[in-house]
Amino acid sequence: ANQQVARLMLARGVPTLYRHHPRPEDLSHVWQTLELLGVDRARRLGLRRAISKALRMGFGPAVSAAVFRCLPRARYTSAEVGHFSLNFDAYLHFTSPIRRYADLTVHRALHALLEGRRKQLSLGPEAELRAPEPAAHLDQLAAHINARAAAADRAESRVRRQRVLAFLLRQGAIPTTGQVTGVVEKGLFVDLTEYGASGFLSVEALPAGDWRFEPGRLIGGGTMFRLGAEIEVSLHRIDPSAGQLDFVLALRAGVPKRDR
């Protein structure tokens with residue numbers, strides 16, 4: 001419905017609010033991540049097929065972290081219509097006018113288009129879509145909605161993380177399995193998929209020795225921690241109010257459970 005209403009508005013030249021998700025300017029980090037995860041011939045496969053292959057290989061958290069790092073935010077606008085992540089040439093929000101004001105705006109525009117008509121509107125698959133009709137009052141509304149949506153998303157994310165960390169704090173230092181989603185000189189970013197939380201394992205918390213950083217991995221003392229590996233960690237430091245979560249290796253975890 002969202003896609004078809006967007007196409008109808010464009011075909012009829014009706015100004016409204018579209019949901020626009022621009023193509024990322026730089027996907028080099030995603031390609032590098034796929035290659036470090038061992039996705040063969042990733043660039044030949046194309047982005048979507050390469051990501052699908054990585055997901056089948058069990059690297060969902062690592063891939064998600066890389067993709068979200070590169071993706072710009074989707075936004076409302078009256079002037080642009082493409083939606084990169086959904087691969088739609090036109091898209092808007094239409095189906096939830098009770099909870100989203102953008103949807104209500106689209107409903108009003110559609111009602112104005114249909115008002116007084118006796119014949120049913122039709123839209124064939126080959127209908128010619130015009131360029132969107134920018135409107136100053138709609139762009140002002142879009143700017144306001146985008147700002148409030150971003151603020152709401154930040155608040156929701158902060159509260160969710162605080163609640164998850166408070167829950168983990170009550171669990172204590174129980175070993176759990178996480179996937180390495182990022183590797184830097186100072187340590188490893190680890191995602192706990194079971195709990196929907198991520199944290200950091202400092203290189204200082206790894207077994208004593210000289211640790212060498214290479215793209216996608218830390219090497220030292222005959223052990224290697226690499227991007228996509230599953231490791232057992234225990235909670236070390238949790239501060240729900242600050243959103244901080246630090247790990248140490250679980251006592252029985254000498255090496256990664258799965259090193260690919």
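Computed from heavy atoms alone, side chains included, the values below leave out hydrogens, waters and symmetry copies.
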With heavy-atom distances below 4.5 Å as the criterion, would you say the side chains of R163 and R160 are in contact? no
F225 six-ring centre to R217 NZ/CZ under 6.0 Å and within 45° of normal: no
Should V184 and L218 count as side-chain neighbours, where that means a heavy-atom distance under 4.5 Å? no
Judged by modelled atom types alone, do D191 and T181 share a side-chain donor-acceptor pair under 3.5 Å? no
Report the C-alpha separation of R226 and V180 in whole Å, then their side-chain angles, then the decisive distance to 0.1 Å, and conclude whether the side-chain contact (heavy atoms from CB on, under 4.5 Å) test is met. CA-CA 7 Å; R226 63 184 302 167; V180 177; over 6 Å; no
Please examine the side chains of H20 and P132, heavy atoms only from C-beta on, and report whether any two atoms are closer than 4.5 Å. no
Please report the shortest heavy-atom distance between L37 and G228, naming the atom on each side. CD2-CA, 3.8 Å
Should we count NE2 of H144 as having more than 12 external heavy atoms under 6.0 Å? no
Between R19 and N146, the two heavy atoms sitting closest are NH1-OD1, 4.5 Å
Donor-acceptor pair, side chain of R158 and main chain of S241, under 3.5 angstrom: no
Without hydrogens or angle criteria, can the side chains of H21 and Y91 be said to hold a donor-acceptor pair below 3.5 Å? no
F84 and R48: which non-hydrogen atoms are nearest, and at how many Å? O-NH2, 3.0 Å
Non-neighbouring partners of F189 that pass ring pair (Phe, Tyr, Trp, His ring centres under 6.0 Å), sequence neighbours left out: F200
Would you check if L17 and L92 make a side-chain contact, meaning some heavy-atom pair closer than 4.5 Å? no
Please report the shortest heavy-atom distance between A109 and T16, naming the atom on each side. CB-OG1, 4.0 Å
Do V248 and I238 land in one hydrophobic cluster if side-chain heavy atoms of ILVMFWY residues count as linked below 4.5 Å? no
Check whether any side-chain heavy atom of H236 sits under 4.5 Å from a side-chain heavy atom of L201, and report yes or no. no
Results of salt bridge (charged side-chain N to carboxylate O under 4.0 Å, His left out) for D153 - residues two or more places apart only: R73
Looking at every non-hydrogen atom in both residues, tell me the closest pair between Q179 and G60 and how far apart they are. OE1-N, 4.2 Å
Side chains of L141 and Y101 in contact at under 4.5 Å (non-hydrogen atoms): yes
Shortest non-hydrogen separation from T223 to W211 and the atoms involved: O-CZ3, 3.7 Å
Ring centroid separation for H107 and F94, is it under 6.0 angstrom? yes
Is the closest side-chain heavy-atom distance between L10 and Y18 below 4.5 Å? yes
Should E214 and R212 count as an ion pair when the cut-off is N to O under 4.0 Å? yes
Answer whether the closest heavy-atom distance between the side chains of W31 and V39 falls below 4.5 Å. no
Quick check: are there more than 12 heavy atoms from other residues, nucleotides or ligands sitting under 6.0 Å from CZ of R44? no
Using a 3.5 Å distance criterion without hydrogens, assess whether the side chain of S234 forms a donor-acceptor pair with backbone atoms of L249. no
Nearest 0.5 Å please: distance from the CZ atom of R41 over to the NZ atom of K53. 6.0 Å
Salt bridge check: are R43 and E35 linked by an N-O gap of less than 4.0 Å? yes
Transitive ILVMFWY side-chain link V67 to F88, under 4.5 Å: no
